[in-house]
Amino acid sequence: MRSNRAKLRAMSMAATLPMVAGALALGIPAAHAADSPARQALKGTKPAWATAKADKGATANSAQVNARVYLAGRDAAGLAAYAKAVSDPASPSYGKYLSAKKAQARFGATKAQVAAVKSWLTSAGLTVTSVTQHYVAVSGDAAAAEKAFGTKLHNYAKGSATYRAPAQAASVPAALQSAVLTVTGLDNAPHKANHDDQLPPPDAVFKNSGPFSSYFGSNIASTLPDAYGQKIPYAIKGYTGKQLRAAYGAGSYTGKGVRVAITDAYASPTIAFDAGKYAVTNGDQAWTTGQLHQVLPDKYSRIKECKAAGWYGEETLDVEAVHAVAPNADVTYVGSASCYDDDLLDSLAKVVDNHLADIVSNSWGDTEASQTPDLAAAYDQVFQLGAVQGIGFYFSSGDNGDEVANTGTKQVDSPANSAWVTAVGGTSLAVGKDNSYEWETGWGTEKAVLAADGKSWTNFPGAYTGGAGGGTSKTVPQPYYQKGIVPKALATANNADGNRVVPDIAAIADPNTGFLVGQTQTFPDGTEQYSEYRIGGTSLAAPTIAAIQALAEEARGKAIGFANPLIYADYGKKGVFHDVTDHPTGTDLAVARVDFANGYDKAGGLLYSVRSLGKDSSLSAVKGYDDVTGVGSPADGYVQSYRKH
């Protein structure tokens, strides 16, 4: 599990958030292999950690199980094929989207399929607790679950804890193999939900200390030691919408008539006030009545485990960033009941089933090694149902570079690794005087602190602290749109046949060249007050790209849908993308940063550090496609290019 990157006291202020349980080797179909003539196995339903060595014996028959049987629909293969066709500029079906109602009628489960699945589950002794367009949820004891799914449930050691999991892959009656996509919930890692309707108050206040630069290089740290042979500027106070719009070629477009959805967990109780005050304070267009909506669950769960208040800052960042870049776009926030897969899937499904937006920003994820294949098909199905309706999903690529420093294993993040989403990488952005675009590097930070005598940086350039996620998937095959563009050495890093490489596109993410946000926070005296601070992470890059896509959709005059095939088709065209490299000026780059030791005021003293740019673990932003920034960031011609499609 990745640490909660939205905790406001985290000095990096990189905001990608964790998804706790499982998910999703996207791109891997839920293949059915014969288990017996009468049953079909559901591949991936036995987790990799359920080994013979870890086996602690059979689960008690009376243990309670809550599971979901995801429905395959009437034409799973047809859904994937049509999702590709409507998204591919070279296809005669390109852009021929279906309504939500027609998509469900053409690809959703039939009443007969649902009835048959319910009958099978209840006949085994399970109780149906809910039925949606996507799944049948059931509860019951372990004995009934074992009967229904043709497996034995055992307890397994996983780390320092013990969890339940199937001893063999779950299976379904052969007659139902075409109706069932997969089953989730047979393993209970990490643990069961604890429902709670009350959300906690905002987290403790976080503030940035100055000195600052108002634009890159405006304030040089002349009294601090050199870095890379030169004096360096102080970190940005926090870029605003006006600066980001200019840097990425917004022009006169505002996102008018375009709907953007944002998914995260929980819901900030002060989002309307905060977003409104921030816009007025920082020169953004004021929100209009009815421009910001929230779609929230009836109940929240896992409040403490998911650190609910930490997600308030994520929602605030996403909402304010989208509005700053696309001030006329309609914004709908869809809050998940928790940070777990099933709840996040429910939020994504709400967007798709009700076509709440054409563009969906998602600033959450986990490591690929934490995936469990049983949910892969469920995520892919939602993304594909979105694609056939002209809905595109944008996911942050992660904040830990190649993940080695974080997990010990080189890997990408998910769901950004899905072949059906646009993975958004991160950059360090230099906006100059008069809002001019100067350059970008890949986001990757090395930090060294000021020596006690103030004359040097200790162990310069210091330790790696974070950077844009990227690299080559170990599980997802290479999608067709990356072939011929992604360098072969990257594509075949884990598989001679080629795998998915992350990211696809990139935008501002470095917390040291970050975005200014405003949020109600809890101050030391216990009061809750509005305050502003600088923040970053690929959780900033994702809503920034989503907002730019809103501008592009306005320019185009119709939905963009799943954007990757078009993004790669336009790669290499003049003026569409900034080709981001780590040494845009020919030398190493860095900024000086000053932080409050206590995160709030000078009472605890000040911390001085130098933050190097373009140092992303083993990943590098180089000329052409790379695994930090993908095809690059949007240039002045990017938004305008959509008028031609």
Side-chain angles (χ1 to χ4, degrees), residues 1-2 16 18-31 33 42-51 54 80 158-159 165 169 182 184 187 189 341 364-380 383 393 395-425 444 467-483 485-504 538 564 616-620 625-630:
M1 171 181 167
R2 196 158 64 207
T16 295
M19 180 175 59
V20 175
L24 44 136
L26 292 180
I28 298 177
L42 297 172
K43 189 175 180 180
T45 47
K46 178 187 176 183
W49 46 265
T51 64
K158 183 176 186 289
T182 191
T184 67
D187 77 73
D341 290 305
W364 44 268
D366 204 349
T367 57
E368 188 172 72
S370 297
Q371 297 172 351
T372 54
D374 56 340
L375 277 164
Y379 272 94
D380 269 351
F383 298 145
F393 296 88
F395 275 88
S396 53
S397 69
D399 293 345
N400 295 304
D402 62 11
E403 290 288 356
V404 171
N406 183 43
T407 68
T409 302
K410 188 172 183 177
Q411 58 184 308
V412 297
D413 281 26
S414 59
N417 65 346
S418 170
W420 292 100
V421 307
T422 300
V424 183
T472 307
S473 170
K474 292 183 174 69
T475 60
V476 182
Q478 184 180 39
Y480 77 95
Y481 51 77
Q482 288 196 322
K483 292 179 179 178
I485 296 175
V486 173
K488 186 176 181 181
L490 284 177
T492 60
N494 296 321
N495 179 357
D497 293 330
N499 280 355
R500 167 85 158 113
V501 183
V502 174
D504 301 302
T538 53
N564 284 12
D616 194 9
S617 55
S618 68
L619 312 178
S620 299
Y625 177 95
D626 59 67
D627 52 8
V628 180
T629 68

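For clarity, every value in this text was computed on a predicted model and none was experimentally measured.
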Item to complete: Check the pair Thr182, Thr45 against side-chain contact (heavy atoms from CB on, under 4.5 Å), reporting the backbone distance first and the verdict last.
Response: CA-CA 8 Å; Thr182 191; Thr45 47; 3.9 Å; yes
Worksheet item: How far apart are the C-alpha atoms of Asp399 and Thr538, what are their side-chain angles, what is the distance that settles it, and do they pass the side chain to side chain donor-acceptor pair (under 3.5 Å) test?
Response: CA-CA 6 Å; Asp399 293 345; Thr538 53; 3.0 Å; yes
Fill in: Candidate pair Asn499 and Asn494, rule side chain to side chain donor-acceptor pair (under 3.5 Å), full reasoning
CA-CA 7 Å; Asn499 280 355; Asn494 296 321; over 6 Å; no
Practice prompt. For the pair Ser473 and Val502, evaluate side-chain contact (heavy atoms from CB on, under 4.5 Å) and give the outcome as yes or no after the intermediate values.
Written response: CA-CA 8 Å; Ser473 170; Val502 174; 5.8 Å; no
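Taking CG of Asp627 as the reference point, atom OG of Ser617 lies at 8.5 Å (rounded to 0.5 Å). Taken from OH in Tyr625 to CD1 in Ile485, the straight-line distance is 10.0 Å, to the nearest 0.5 Å. Note that OG1 of Thr367 is 4.5 Å distant from CD of Gln411, once rounded to the nearest 0.5 Å. Within the model, atoms CG of Asp402 and CG of Asp413 stand 10.5 Å from one another, a figure rounded to the nearest 0.5 Å. One finds the NZ atom of Lys410 at 7.0 Å from the OG1 atom of Thr472 (value rounded to the nearest 0.5 Å).
At distances below 3.5 Å, at least one donor-acceptor pair connects side-chain atoms of Arg500 with backbone N or O atoms of Ser418. Using a distance-only test at 3.5 Å, with no hydrogens or angles considered, a donor-acceptor pair links the side chain of Glu368 to the main chain of Lys474. Counting only distance, with no hydrogens or angles, the side chain of Thr51 and the backbone of Ala54 share a donor-acceptor pair below 3.5 Å.
Of all the heavy atoms in Ala416 and Ser397, the pair that sits closest is CB-CA, 3.9 Å. The shortest heavy-atom contact between Gly425 and Pro503 is N-CB, 3.4 Å. Ala496 approaches Thr492 most closely through the heavy-atom pair O-CG2, 3.5 Å.
In the model, Thr629 has a side-chain atom that pairs as donor or acceptor with a side-chain atom of Asp626 under 3.5 Å. Between the side chains of Thr422 and Asn564, a donor-acceptor pair is found at a separation under 3.5 Å.
Applying side chain to side chain contact (heavy atoms under 4.5 Å, CB included) to Val501 and the options Val412, Val486, Asn417, Val476 leaves one that passes, Val486.
Here the side chains of Gln482 and Asp504 are in contact, with some heavy-atom distance below 4.5 Å.
Ring geometry, Phe395 versus Phe383: the interplanar angle exceeds 60°, so the pair is classed perpendicular (tilted spans 30 to 60°).
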